[in-house]
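Each chain gets a letter, A, B and so on, in the order its sequence line appears, and its residues count up from 1.
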Amino acid sequence: MEYSFRQIEKKWQEHWKKTNAYKVSNDSTKPKCYVLDMFPYPSGAGLHVGHPLGYIASDIYSRFRRLKGFNVLHPMGYDAFGLPAEQYAIEHGVHPAVSTEQNIATFRRQLDNIGFSFDWDREVRTSDPKYYKWTQWIFLQLFRSFFNRHTGKAEPISGLVATFEKEGNSSHICPGNPTLKFSAGEWSAFDKKRKEDILMDYRLTYCGFGEVNWCEALGTVLANDEVVNGVSERGGFPVVKKKLRQWYLRITEYADRLLEGLEKVEFSDSMKEMQTNWIGKSHGAEMDFKVKSEKGIVKNLRVYTTRPDTIFGVDFMVIAPELEIVEDLKSAEHGPAVDAYLEYVKSRSERERMAEKKISGVFTGAYALNPFSGREIPIWTSEYVLAGYGTGAIMAVPCGDERDHKFAEHFGIPITNIIGSHYNGSEANSTKDAILEHSDFLNGMPMRKAMDVVVDKIEADGTGKRKVNYKMRDAAFSRQRYWGEPIPVKWQDGVAEPLADGDLPLELPFVESYRPGPEGEGPLSNIPEWVARELETNTMPGYAGSSWYFLRYMDPHNETAFCDRKASDYWGQVDLYIGGTEHAVGHLLYSRMWTKVLFDLGHIGHDEPYRKLVNQGMIQGSSRFVYRITGTNTFVSKGLAQADETYEGQKLDKLHVDVNIVDGYELDITAFRAWRPDYNTAEFILEDDKYLCGSEVEKMSKSKFNTVNPDHIVDRYGADTFRMYEMFLGPVELSKPWDTKGIEGVHRFLKKMWRLFVDEQKGSIVTNDAPTPEELKVLHRAVRKIEEDTERFSFNTGVSSFMICVNELTDLKCHKKAILEQVLILITPYAPHISEELWQLVGNSGSILDAAFPVFEEKYVKESSKTYPVAINGKTRAEINIALDATQQQVEEIVLADVAIAKWLEGKSPKKVIYVKNKMINLVV
RNA sequence: ACCCGGGUGGUGGAACAGGUAGACACGCAGGACUUAAAAUCCUGUUCGCCGAAAAAGCGAGUACGGGUUCGAUUCCCGUCCCGGGUACCA
């Protein structure tokens, strides 16, 4: 009887399905545990070996908690709206709903292959109207709410209207228009449109205008990563900025709550740091500088600075090129240069601007006046200042800021040193600890103190004020696309009217063409009846559906609520959330905000969605390349190609080759010729009779031919081997390129475990003999280690521990049921199929899924002595076995009596003997 | 450019609170079983030096350069390289 994994795995997968083994109830006396994977986008390429890494980890943890007596919710679903399906539709004419359905079917079949414990009755799809009905409903909840800064939470906007009627907006600063002020009387006198416009500036989802990447040639708006070097990735057409009406999520109002919430959750420090930096809260001041310009139109220039103390070190000002006042500031002399520069900046994406190392900018010809000294400061414009942050204008202090310093050096702007010896003349120093010099009334004052002194002074004379600033901006919440949730709003006389809850879902209509409408509007604007109904033509972005899906899993079929309060109270927070760091500041912040809003409005009972977050690393692809002599069909082996990609003076084309027809680095020439018709007649120049490929680590993607389909691995080695191998590769948090070499070892291990139970000829060899102390020690060491490792998500060392355990039991020739049965329970989260099969084989009737996890007992593993490394000055020179309860004095005596140690001491006596119990001994000579 | 990770044998990785660097595997080399192969098992495997070999020993060694410490893969400072994110990919 050999280990026939194909048959075993099929058998148990069918059995689990038949018995509803993974069905989860909302009604249980057991403690709950909610384990969640980040939503996959069902891409057309299907599942590759990188996807399941996190799913296997969460599946192991789920099964482990179930064995520990928890009611475990472990669902799966699909983030099914998105750009790729729409792009595919444009190119192939297949409706996104159809291709998405197919992709999901593929994903599901592939997932089923791996033996996950998902409760598929709870599957959700964001593109299903039954689901997005509630995405739209939450959108309307946001629309009908504002953030009350006094209570610090979302409240119905109807309450705000009541306040306006009584007292105007004096107690509620308008977040969308901070200078807006009106009385109760004025409010009543406003017409409907005016009132609605004002309310829009308070709502948590609101309409405004924003810049998009507009590509005239493609007639569409492009995502940032579809723009490369200022042109479209597809076709290479010019891309410019265009202002369009957009919906936004007023997430900035939640900035402080999102920061505070981080203290209550278990995310890695780096994750918290990324979110904190993204929110970017800073304390500083807004300051007005009087302006001297030729045209004389601009009176003041307002800057935001976090360092008001450096006011006397300001040597120039920089304003963002897109600020309209640039037009009014430029002088006749500098006008042409400014215009040319603005033209250049227009073609630059924000990312390119930030990543640019080359310094660029132009002087506008205007000056700002230092409010204290009256000194004239030249005003420049440069792409390194972005319009969206602060006021879009900065006061540049070269001696204290690296970027400003480089700019000043590049353009030869004289640098004022206000920090004395802290500035070395060649590098900025951003210290806050210097004593100020060349700073008028601040001279001799420590910088930290000067900050307050300056702000007090400008607040007193009205030229500025303290200001808290956030780097985070409100999130754009509309897309000029088809394949997304329709926004449930009608436009009547320029006023956005929300649909009634009863009219939801607002279903996505069928379209003939996925082409965008005129002037970059979404494809929905091409549908006459949609436009006739005055419906919004933008759709929601990809992150809408994923901002709340974890709630829907709790109560997926509810038709009267997004999630019953009883269900969300029972399941509460996600106890373990596994996903990649690429979602650090997008999805994670949005879903945290939505959760807070739903909490504030009383729909759920917790305001942080995820209690603990574990980041899984990315499985990268290891690409392979062949080298073709340009213009021929002859391929040169890697080792023969020159470093500059030439061969005997001829140029070579470096081409991706399917990794599945390469063994290590050696190309399967027959398979290569069969791969594509144009390679049928390929010729090869070999080295050592082999064709060797080049390699590079890249993101796993279909276009790079480096994807590996888990189906192939499962077919060859089985799901249990695949699961354990993915874990064995290394820590889940780490990224690593996929490589199948090594999988044999894991497969061998499972066969070795199998042989503890079964002999090929004799069948079962399990006995009912009583275990020896040695066997119990092996078992309990494994229990302790595996429980610890699983608990702290160290699955790779967990797999090693199983190997050690099985190796030792094999050495002991242990075939005892009392031991082996316990090992099976330990391993069932990792390898559920084989353990279920052997569980049955040793004579159990029920499923191993609900067995009780073994309880570790110290008494079986207790040792009385330890072999200590004995070092002299930190170098290990001997090993001595000493009782664990030995005292310092006993240890010293034993060590000094040792021959090897005596040799090294050369008769000297040690200055000090360091003895760390159960660790080591070190002699200092 | 900025923010966050990572860098340990030929390879994946281990070392959990600063305490024997290289667990467990892969690969490779040698051997056993076999007509042969597969499967399985056994031995060795960081590098260098010493040595016919084995044993034993010595020295170096965790990207690089410094520092703290009796002791650093682990903590601190600086540098290089690779990956993720930077707001419309998901």
Side-chain angles (χ1 to χ4, degrees), chain A residues 2 38-41 43 79 81-84 87 210 212-213 221-227 246 268-271 273-274 276-278 280 350-358 384 388 402-403 406 471-476 478-481 541-543 546 580-587 589 615 617-618 620 664 697 699 725 728-731 733-737 739-746 748-749 751-752 755 760 788-789 792 794 796-797 799-804 807 810 867-876 879 910-914 916 918-925:
Chain A
E2 60 173 7
M38 280 186 191
F39 236 2
Y41 173 78
S43 84
D79 190 11
F81 277 131
L83 210 49
Q87 195 52 42
V212 295
N213 300 309
V221 172
L222 295 176
N224 278 335
D225 53 277
E226 293 178 295
V227 184
Q246 300 283 357
S268 67
D269 287 345
S270 60
M271 176 61 57
E273 220 172 312
M274 274 190 267
T276 304
N277 292 342
W278 180 263
E350 201 170 292
R351 196 179 305 177
E352 283 171 331
R353 285 173 55 178
M354 288 188 292
E356 186 59 70
K357 267 191 254 185
K358 229 173 48 220
Y384 85 93
E402 200 48 51
R403 280 204 171 199
K406 291 207 172 104
K471 204 150 69 198
M472 180 168 68
R473 313 197 284 259
D474 280 340
S478 52
R479 301 290 183 262
Q480 292 69 50
R481 303 281 178 187
Y543 64 83
S546 60
T581 45
E582 66 270 25
H583 297 289
V585 291
H587 160 66
L589 282 175
N615 290 117
M618 190 174 279
Q620 295 147 320
V697 172
K699 221 170 181 163
Y725 181 58
F728 191 57
L729 273 176
E733 317 87 55
L734 236 72
S735 290
K736 53 236 152 191
D739 199 336
T740 34
K741 115 184 130 187
I743 197 168
E744 290 282 354
V746 174
R748 262 174 229 158
F749 153 74
K751 284 200 278 193
K752 192 165 180 178
R755 287 197 304 273
E760 268 188 45
E788 268 176 22
D789 286 353
R792 67 189 174 97
S794 178
N796 55 328
T797 53
V799 174
S800 302
S801 309
F802 285 121
M803 291 174 170
I804 293 167
N807 287 346
T810 303
T867 302
Y868 284 90
V870 183
I872 292 167
N873 289 338
K875 284 199 195 309
T876 306
E879 286 183 351
K911 260 192 259 170
K912 203 167 155 193
V913 178
I914 294 156
V916 183
N918 211 7
K919 294 280 186 197
M920 46 59 70
I921 295 157
N922 188 21
L923 309 187
V924 185
V925 186

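- M472(A) comes within 4.0 angstrom of a nucleotide base, judged by non-hydrogen atoms across all strands.
- Using a 4.0 Å heavy-atom distance criterion, E582(A) is classed as a base contact.
- If you check G27(B) for Watson-Crick or wobble pairing at under 3.5 angstrom, you find it paired to U45(B).
- No side-chain donor-acceptor contact under 3.5 Å links S794(A) to the backbone of D789(A).
- Toward the 5' end of RNA chain B, the nearer of the two residues L83(A) and S270(A), judged by each one's closest nucleotide, is S270(A).
- Across all strands, E788(A) comes closer than 4.0 Å to base atoms (heavy-atom distances).
- Among the atoms of the strands shown, none is found under 4.0 Å from any heavy atom of K406(A).
- Distance from the side chain of R755(A) is smallest for U40(B) among the nucleotides U40(B), C89(B), C88(B).
- Distances were taken from every side-chain heavy atom of R792(A) (C-beta onward) to each of A14(B), C16(B), U86(B); the shortest belongs to C16(B).
- When Watson-Crick and G-U wobble pairs are counted only if both distances are under 3.5 Å, G5(B) pairs with C82(B).
- Here the side chain of V212(A) is nearest to one of A39(B), A21(B), C88(B), namely C88(B).
- Within the nucleic acid shown, N807(A) comes within 4.0 Å of sugar-phosphate atoms alone, with no base atom in reach, counting heavy atoms only.
- Comparing A14(B) with G9(B), their C1' atoms sit 13 Å apart, to the nearest whole Å.
- Remark: side-chain polar atoms of R481(A) are paired, donor with acceptor, to backbone N or O of V221(A) under 3.5 angstrom.
- Looking at heavy-atom distances under 4.0 Å, Q87(A) makes no contact with the nucleic acid at all.
- Nearest heavy-atom pair across R792(A) and T797(A) is NH2-OG1, 4.2 Å.
- Across every strand in view, C70(B) sits in a pair with G19(B) that passes the Watson-Crick or G-U test at under 3.5 angstrom.
- Between the base of C89(B) and the side chain of E226(A) there is no donor-acceptor pair shorter than 3.5 Å.
- Residue A223(A) places its side chain closer to C88(B) than to any other of C88(B), A25(B), A1(B).
- Side chain of V916(A), nearest nucleotide from C3(B), G19(B), A87(B): G19(B).
- Computed from coordinates, the Q246(A) CD to C88(B) P distance equals 9 Å when rounded to whole Å.
- Taking atom C1' on both nucleotides, C81(B) is separated from C88(B) by 32 Å, rounded to a whole Å.
- Closest of all the heavy-atom pairs between K919(A) and P869(A) is O-CD, 3.5 Å.
- Taking atom C1' in both C70(B) and C82(B), the straight-line distance is 36 Å, to the nearest Å.
- Using Watson-Crick or G-U wobble geometry with both donor-acceptor distances under 3.5 Å, A56(B) finds no partner in any strand shown.
- For the pair N922(A) (side chain) and I914(A) (backbone), a donor-acceptor distance under 3.5 Å is absent.
- Of the candidates A90(B), G19(B), A14(B), the closest approach to any side-chain atom of T797(A) belongs to A14(B).
- For C47(B) and A55(B), the P atoms lie 15 Å apart once the distance is rounded to whole Å.
- Among the heavy atoms of the strands, none lies under 4.0 Å from P40(A).
- Counting non-hydrogen atoms under 4.0 angstrom, N922(A) reaches a base of the nucleic acid.
- Relative to the side chain of I914(A), the nucleotides A90(B), C16(B), C70(B) differ in distance, and C70(B) lies closest.
- Separation of the P atoms belonging to G10(B) and G61(B) is 16 Å when rounded to the nearest angstrom.
- Closest heavy-atom contact between G210(A) and Q246(A): N-CG, 3.9 Å.
- If you take CG of N277(A) and P of A1(B), they are 18 Å apart, rounded to a whole angstrom.
- Across all strands, L923(A) comes closer than 4.0 Å to no nucleic acid atom at all (heavy-atom distances).
- Each of K736(A) and M920(A) was assigned the nucleotide of RNA chain B with the nearest heavy atom; the assignment lying further toward the 5' end belongs to K736(A).
- Residue contacts for K912(A): at a heavy-atom cut-off of 4.0 Å it reaches no nucleic acid atom on any strand shown.
- With C1' as the reference atom, G67(B) and G18(B) are 15 Å apart, rounded to whole Å.
- At A60(B), one or more side-chain N or O atoms of K875(A) fall inside 4.0 Å of OP1 or OP2 (strictly under the cut-off).
- Nucleotide U40(B) forms a Watson-Crick or G-U wobble pair with A32(B), both donor-acceptor distances falling under 3.5 Å.
- In this structure, the side chain of Y868(A) does not engage the main chain of E879(A) through any donor-acceptor pair within 3.5 Å.
- If you check every strand for non-hydrogen atoms under 4.0 Å, G542(A) touches nothing.
- The two residues M274(A) and A584(A) make their nearest non-hydrogen contact at SD-CB, 3.9 Å.
- The glycosidic torsion of G9(B) lies within 90° of 0, which places this base in the syn conformation.
- If you check every strand for non-hydrogen atoms under 4.0 Å, Y543(A) touches nothing.
- In the set G85(B), A87(B), A90(B), A90(B) carries the atom at the smallest distance from any side-chain atom of H583(A).
- Here the nucleotide nearest the side chain of R748(A), chosen from G83(B), C41(B), G27(B), is G27(B).
- The nucleotide whose nearest atom lies closest to any side-chain atom of I804(A) is, among A23(B), C89(B), G85(B), A23(B).
- Residue contacts for E733(A): at a heavy-atom cut-off of 4.0 Å it reaches no nucleic acid atom on any strand shown.
- Within the 3.5 Å criterion, the main-chain N or O of M271(A) finds a donor-acceptor partner in the side chain of S268(A).
- Residue contacts for S801(A): at a heavy-atom cut-off of 4.0 Å it reaches no nucleic acid atom on any strand shown.
- Of the side-chain N and O atoms in N796(A), one or more sit less than 4.0 angstrom from OP1 or OP2 of A14(B).
- Nucleotides G85(B) and G19(B) place their P atoms 35 Å apart, quoted to the nearest Å.
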